[in-house]
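Heads up: the structure comes next, in structure tokens.
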Amino acid sequence: MIVSTLEQVQTYLPSINFKVDIDRLTDFLDRAEQWLTEHIIGTAIREALNAAIPVGKTDQHAAIRKVCSRAICEFAYLTVSAEMDLQLSEAGFVVQENNGLVPASQQRTERLVSSLNLRLNMDCDELVNYLLEHSKTTESAYHAWRETEQFNYLTLAFVPTRMQLSRHLTYGSNIGNWQDYYNGIQLMAKGVDLTASPYVSLAEINRLRGLYRAGTANAVQLAAIGMLQDVAVATFVKDGKAAREAAIHARCIMLESKTDFTEFEASDCVPLTGVHFDEGHIVDTM
């Protein structure tokens, strides 16, 4: 296990005064590690982090291990806090009382959960950003991560982190926690495909996905991708009008530089007559 001792847990959650044995936390930590594996790091990185460090050797995974450990502890404790104080008896659920201790107020508990969720949001984003940055070259220890289903899923809608989703919002909206963002990726990707493909072609969208994932998109292609990110975000907050407008902006970028968008240039989308700008306003009669 990446995190296996109470001392490790307290390193990353120093303000929490644990009064439980590590054996009671082991299953929560194991499930948290599995959650992180399935959502972000994949099995190869998990195995690398669980491998023994040879005596006298430095930990080449120290940076990513630290972020993973923080996220595991936060996720595990969020689960612990929801279950640990209840026990099932013949009479149903009961609460264990300890001499000298009193149950925390609902307000204090909610503040703790909110703080842990905020930290988990930040650490999951930091972990994704770290892997995106440190997996670019074939010499990188994490380059193989770009071949995993985790990488493909996170980049499916061109919005690989919760923070990036937040930054693309131009109005207030409740994004929720990192799991809510993660669950919305497939919906955002579907929104990009369904909303933007009539204007720029699905083939071009998939081509841009490939360039985005490879990190080889040029400036004008990145501008179009930025519009597709806006389509994804608008889909997340259920704003169909904003999604269509962003798709049309992506189309305008492609029309001005068709040679940078070969699939679009070869598609039936180029000669559309039902979409144009009239004094700065989008007219869409499709």
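Here the structure is a predicted model, which is why all the values come from computation and not from measurement.
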Salt bridge (Lys or Arg N to Asp or Glu O under 4.0 Å) between Asp239 and Arg244, worked out:
CA-CA 9 Å; Asp239 189 338; Arg244 287 191 300 275; over 6 Å; no

With side chain to side chain contact (heavy atoms under 4.5 Å, CB included) as the criterion, how do His39 and Phe75 come out once you've worked through the C-alpha distance, each side chain's angles and the decisive distance to 0.1 Å?
CA-CA 12 Å; His39 286 70; Phe75 185 91; over 6 Å; no

Please lay out, stage by stage, how Cys269 and Tyr199 fare under the test side chain to side chain contact (heavy atoms under 4.5 Å, CB included).
CA-CA 6 Å; Cys269 294; Tyr199 302 103; over 6 Å; no

Working for side chain to side chain contact (heavy atoms under 4.5 Å, CB included), residues Glu204 and Met254
CA-CA 10 Å; Glu204 186 59 55; Met254 295 182 192; 3.9 Å; yes

Show your working on side chain to side chain contact (heavy atoms under 4.5 Å, CB included) between Ile175 and Phe236 and close with a plain yes or no.
CA-CA 8 Å; Ile175 297 175; Phe236 187 89; 4.2 Å; yes

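The shortest non-hydrogen separation linking Met188 to Ala157 is CB-CB, 3.7 Å. Annotation for Cys68 and Leu49: closest pair SG-CD1, 3.8 Å, computed over non-hydrogen atoms. Of all heavy-atom pairs between Val270 and Arg251, the closest is O-NH2, 3.2 Å. Across Ile40 and Trp145, no two heavy atoms sit closer than the pair O-NE1, 2.8 Å.
Annotation: side chain of Trp178 is not in contact with side chain of Met122 (no heavy-atom distance under 4.5 Å). Looking at heavy atoms from C-beta onward, Val3 lies out of side-chain contact with Glu33 at the 4.5 angstrom threshold. Residues Leu29 and Ser4 are not in side-chain contact: their nearest non-hydrogen atoms beyond the backbone lie 4.5 Å or more apart. At least one side-chain heavy atom of Ile185 sits under 4.5 Å from a side-chain heavy atom of Leu154. With a 4.5 Å cut-off on side-chain heavy atoms, His143 and Thr137 do not count as touching. Using a 4.5 Å heavy-atom cutoff, the side chains of Ile205 and Leu208 are not in contact. Between Leu13 and Leu116 the shortest side-chain heavy-atom distance falls below 4.5 Å. Thr161 places a side-chain heavy atom less than 4.5 Å from the side chain of Gln164.
How far OG1 of Thr235 is from CG of Asp230: 10.5 Å, rounded to the nearest 0.5 Å. Atom CZ in Phe261 sits 10.0 Å away from atom CD in Glu256 (nearest 0.5 Å). Rounded to the nearest 0.5 Å, atoms CG (Asn152) and CZ (Arg146) are 10.5 Å apart. Rounding to the nearest 0.5 angstrom, the gap separating the SG atom in Cys124 from the CE atom in Met163 is 12.5 Å. To the nearest 0.5 angstrom, Ile41 atom CD1 is 8.0 Å from Leu131 atom CG. Atom CD1 of residue Ile248 and atom CG of residue Leu255 lie 11.5 Å apart, to the nearest 0.5 angstrom.
Of the possible donor and acceptor atoms, none in the side chain of Thr195 sits under 3.5 Å from a partner among the backbone N and O of Val192. In this structure, the side chain of Arg46 does not engage the main chain of Leu36 through any donor-acceptor pair within 3.5 Å. No donor-acceptor pair closer than 3.5 Å links the side chain of Thr155 to the backbone N or O of Phe158. A donor-acceptor contact shorter than 3.5 Å is absent between the side chain of Trp35 and the backbone of Asp30. With Asn50 contributing its side chain and Ile2 its backbone, the two residues share a donor-acceptor pair below 3.5 Å. Judged by distance alone, the side chain of Asp180 and the main-chain N or O of Asn177 form a donor-acceptor pair under 3.5 Å. Side-chain atoms of Asp123 never come within 3.5 Å of backbone atoms of Val67 as a donor-acceptor pair (strictly under, hydrogens ignored). Using a distance-only test at 3.5 Å, with no hydrogens or angles considered, no donor-acceptor pair links the side chain of His249 to the main chain of Met227. Proximity of a side-chain donor or acceptor of Arg70 to a complementary backbone N or O of Leu120 within less than 3.5 Å is not detected. In this structure a side-chain-to-backbone donor-acceptor pair under 3.5 Å is present from Asp125 to Arg162.
Side-chain contact check for Gln8 and Thr5: at least one donor-acceptor pair (N or O, by modelled atom type) lies under 3.5 Å. Side-chain contact check for Tyr142 and His61: at least one donor-acceptor pair (N or O, by modelled atom type) lies under 3.5 Å. For the residue pair Arg31/Thr79, the side-chain donor-acceptor check at 3.5 Å is not satisfied. There is a side-chain donor-acceptor pair under 3.5 Å between Ser257 and Asp260. Side-chain atoms of Asn117 and Glu74 include no donor-acceptor pair closer than 3.5 Å.
Cluster annotation: Leu156 is not connected to Leu187 through the hydrophobic network of ILVMFWY side chains, with a link wherever side-chain heavy atoms come within less than 4.5 Å. Ile64 and Tyr12 end up in different hydrophobic clusters when Ile, Leu, Val, Met, Phe, Trp and Tyr side chains are linked at under 4.5 Å. In this structure, Leu194 is not a member of the same hydrophobic cluster as Val233, with clusters built from ILVMFWY side-chain heavy atoms closer than 4.5 Å. Note on Leu118 and Leu78: separate hydrophobic clusters, where clusters join Ile, Leu, Val, Met, Phe, Trp and Tyr whose side-chain heavy atoms are under 4.5 Å apart, directly or indirectly.
Within the structure, the salt bridge (charged side-chain N to carboxylate O under 4.0 Å, His left out) test picks out the following pairs touching residues 50-62 (sequence neighbours left out): Asp59-Arg65.
By the side chain to side chain donor-acceptor pair (under 3.5 Å) test, Ser140 pairs with no residue at all, sequence neighbours left out.
Between Tyr153 and Tyr182, a ring centre-to-centre spacing shorter than 6.0 Å is recorded.
Within a 6.0 Å sphere centred on CG of Asn183, other residues, nucleotides and ligands contribute more than 12 heavy atoms. Gln186 CD: 12 or fewer foreign heavy atoms inside a 6.0 Å radius.
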